[in-house]
Amino acid sequence: MKQMPWLAFTIDRGSRIPVFEQICDGIRMRAVKGDLAAGSLLPPTRVFATELGVSRSTVVTAYEQLVAEGYLQSQPGSGYRLCPVGEVELPSEAMTLQSVAPEEKSRQVACFEAGQPDMRLFPYRQWAKTIARICRRNPQQLLEGGRVFGNFELRQAIAAHVSEWRGIEADPNQIIVTAGATDALEICLRFLAKPGEGIGVEDPGYLPLLRFVRAQGLKPIYLRVDEQGATLPVKDKPPKLVALTPSHQFPLGGAMSPERRQEFLRWALQENAWILEDDYDSEFRYAGRPIPALAGFDRLNRTIYIGSLSKIFSNALRLGYAIVPQELLEGFQGSMRASGLKASIMPQQPLAEFITSGEFYRHLRRVRRIYGERRKYLLSRLAEDFADFGVVRDTQAGMQLVFHLKEAFDDRSLTRLATDRGLRLQALSEHAEEAPGCNGLILGFCAFSEEEMEPALAVLKSCLEENRDQVTNSARS
Ligand SMILES: Cc1ncc(COP(=O)(O)O)c(C=O)c1O
């Protein structure tokens, strides 16, 4: 099959528009103008990358974006082919980031911001089609039918999802749709704990959770984190509730060992205590088999499982869920009736259909592959070029890496300096209360291409050098 000619494609390296978007723009424009005929085979990613002088993953990202938008079709073994543009129902300009003003789109998130999915990869077209279908068929579903725990079809879809992905067998009636994992944590804390009571929280741990614990008048009981994950509460003051991140400890990143999981389950049974399993980003595991959820072992007897859809899909969607044991169902229903559901009804039916139609998993597989490549890139750059400043531990999962700094650095002043220079890093020590040795940088990698990370790493290096001088000088004086 004859491949399409190269069409004098040029990349503007001085532009604020990321390279992969420039490639998308070029192909879209040629498709719309008719320069490329439907059915044309695009150059193989490796060849195209070499010709443009960019990484192969940049070309793959661009092609996959166009597949998501309906411009290209990917055929295993034979490459990417242009779709008939006339078949595209919605004007592409309206459905992609092309409609966002250039400044807005080039700077939606600052480099290394943690926990951010790349919204440029979002399958806008398929999402819009799903919503359009519901509008034609039954528009009330976008505004009604939330009941106490949220849209029932979404809860069914979540039950199937956690059964397949996390080894949890739950009835949809046990699932509460929430406004993200944070809302789920708050709902559980409000219902299960009274002011003055102790709550086991990981140290270092998730700062918004700790703030909420304090705001509710609860007493945080810090659980140290060692090589096997969070440690059990000490014997003399056992809390009735602990909040854990067993699949991927936040912020350090390790998975809790099977032995420690068993110890926690035994402890919860003995103490008649509850475990809040915050599984906020478990879908992002880049090697090996997914680690089953603690709630799967426990058969949801003592565990309340919390998941987030913000990380897979969009932080703006603000959807998550809690799966509660049968024993607590009635109590949660009463509590939810009193407080009301915070999660918006609008995206729930479309999301249910997105999951059951398989679009959700196509998106998940795609972003996981792209994030995996970005993670590999960041890991290797840190190991190769930043060894004088600290070390990075590869935990094969998540949306951010922790770069542990040597003693000559101070993570808080460093993050302030980096913010002034346009980066957004988090200091590891901000997430620690009593835990010793927390001095590091939390670096998100999902929302940034290699071309975006490259100059940001140069800025980071200059900040590190400056910070080392500052810390050394203040130690001398
Ligand atoms: C440990 C942990 N739990 C919960 C969340 C919040 O998830 P959501 O955005 O769904 O509220 C985060 C966000 O990064 C997190 O790191």
Side-chain angles (χ1 to χ4, degrees), residues 109 112-119 122 150 154 158 161-162 166 175-190 199-213 220 222-223 225 229-230 241-256 275-285 291 293-295 303-323 341-344 347-348 351 364 371 395 397-402 424-428 430-433 435 438 440-447:
V109 276
F112 302 128
E113 186 166 349
Q116 294 292 333
D118 191 338
M119 288 311 293
F122 187 83
L154 179 58
I158 292 170
H161 173 72
V162 294
R166 312 299 299 126
I175 298 175
I176 309 173
V177 178
T178 63
T182 314
D183 181 40
L185 286 164
E186 293 181 5
I187 289 171
C188 293
L189 285 175
R190 264 193 235 107
I199 304 294
V201 290
E202 296 175 330
D203 184 22
Y206 184 48
L207 197 55
L209 171 69
L210 182 61
R211 288 198 186 120
F212 186 76
V213 163
Y222 301 115
L223 310 177
V225 179
L241 184 64
V242 291
L244 305 175
T245 51
S247 300
H248 188 226
Q249 205 278 331
F250 185 88
L252 296 176
M256 187 180 275
I275 298 172
L276 290 184
E277 177 174 16
D278 178 2
D279 214 14
Y280 64 106
D281 69 356
S282 61
E283 282 84 3
F284 297 110
R285 178 148 283 279
I291 298 173
L294 188 66
T303 312
I304 296 136
Y305 177 87
I306 288 171
S308 173
L309 294 158
S310 323
K311 308 295 167 204
I312 310 175
F313 226 41
S314 155
N315 273 327
L317 202 65
R318 295 246 47 81
L319 283 181
Y321 50 95
I323 309 182
L341 196 66
K342 248 205 220 163
S344 166
Q348 294 188 26
L351 188 53
L364 177 53
Y371 295 170
T395 55
M399 303 180 82
Q400 53 259 340
L401 294 169
V402 178
R424 192 162 306 157
L425 321 175
Q426 285 184 37
L428 180 61
E430 299 268 9
H431 295 268
E433 292 298 313
C438 288
L441 303 175
I442 301 175
L443 304 172
F445 53 79
C446 295

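Nothing fancy with the numbering, it's 1 onward along the sequence. All ligand and atom numbering here is 1-based and tracks the order in the structure.
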Between H248 and Y280, what is the ring plane arrangement, given parallel below 30°, perpendicular above 60°, and tilted in between? parallel
Which residue and heavy atom of the protein sit nearest atom 10 (O) of ligand 1, plus the separation: S308 OG, 2.6 Å
Taking only non-hydrogen atoms of G115, do any sit less than 4.0 angstrom from ligand 1? no
Could you tell me whether a side-chain N or O of Q249 sits under 3.5 Å from a main-chain N or O of M256, the two making a donor and an acceptor? no
Taking 4.0 angstrom as the limit and counting only heavy atoms of S310, give me the atoms of ligand 1 inside it, by number and element. 8 (P), 9 (O), 10 (O)
Atom 7 (O) of ligand 1 sits nearest the protein heavy atom A181 CB, 3.5 Å
Nearest 0.5 Å, please: how far is NE2 in H431 from CG in L209? 12.0 Å
Could you tell me, atom by atom, which parts of ligand 1 come under 4.0 Å of a heavy atom of G180? 10 (O), 11 (O)
For atom 9 (O) of ligand 1, tell me which residue out of R318, H431, M399 has the closest non-hydrogen atom. R318
Numbering the atoms of ligand 1 from 1, which are under 4.0 Å from a heavy atom of F250? 1 (C), 16 (O)
Among all the protein's non-hydrogen atoms, which is closest to atom 2 (C) of ligand 1, and how far away is it? D278 OD2, 3.3 Å
Dump the intermediate steps for side chain to side chain contact (heavy atoms under 4.5 Å, CB included) on F212 and L189, then the final yes or no. CA-CA 9 Å; F212 186 76; L189 285 175; 3.6 Å; yes
Is the closest basic N to carboxylate O distance between K342 and D183 below 4.0 Å? yes
Is there a heavy atom in K311 that sits closer than 4.0 Å to ligand 1? yes
Heavy-atom donor-acceptor pair, Q116 side chain to A447 backbone, under 3.5 Å: no
Y305 side chain reached by V162 side chain, heavy atoms, under 4.5 Å: yes
With nothing but distance in play, are any N or O atoms of Y280 less than 3.5 Å from an N or O of ligand 1? no
Identify, for atom 15 (C) of ligand 1, the protein heavy atom at the shortest distance, and state residue, atom and that distance. Y206 CE1, 3.3 Å
Evaluate the side-chain proximity of V201 to Y222: yes if any heavy-atom separation is below 4.5 Å, no if none is. yes
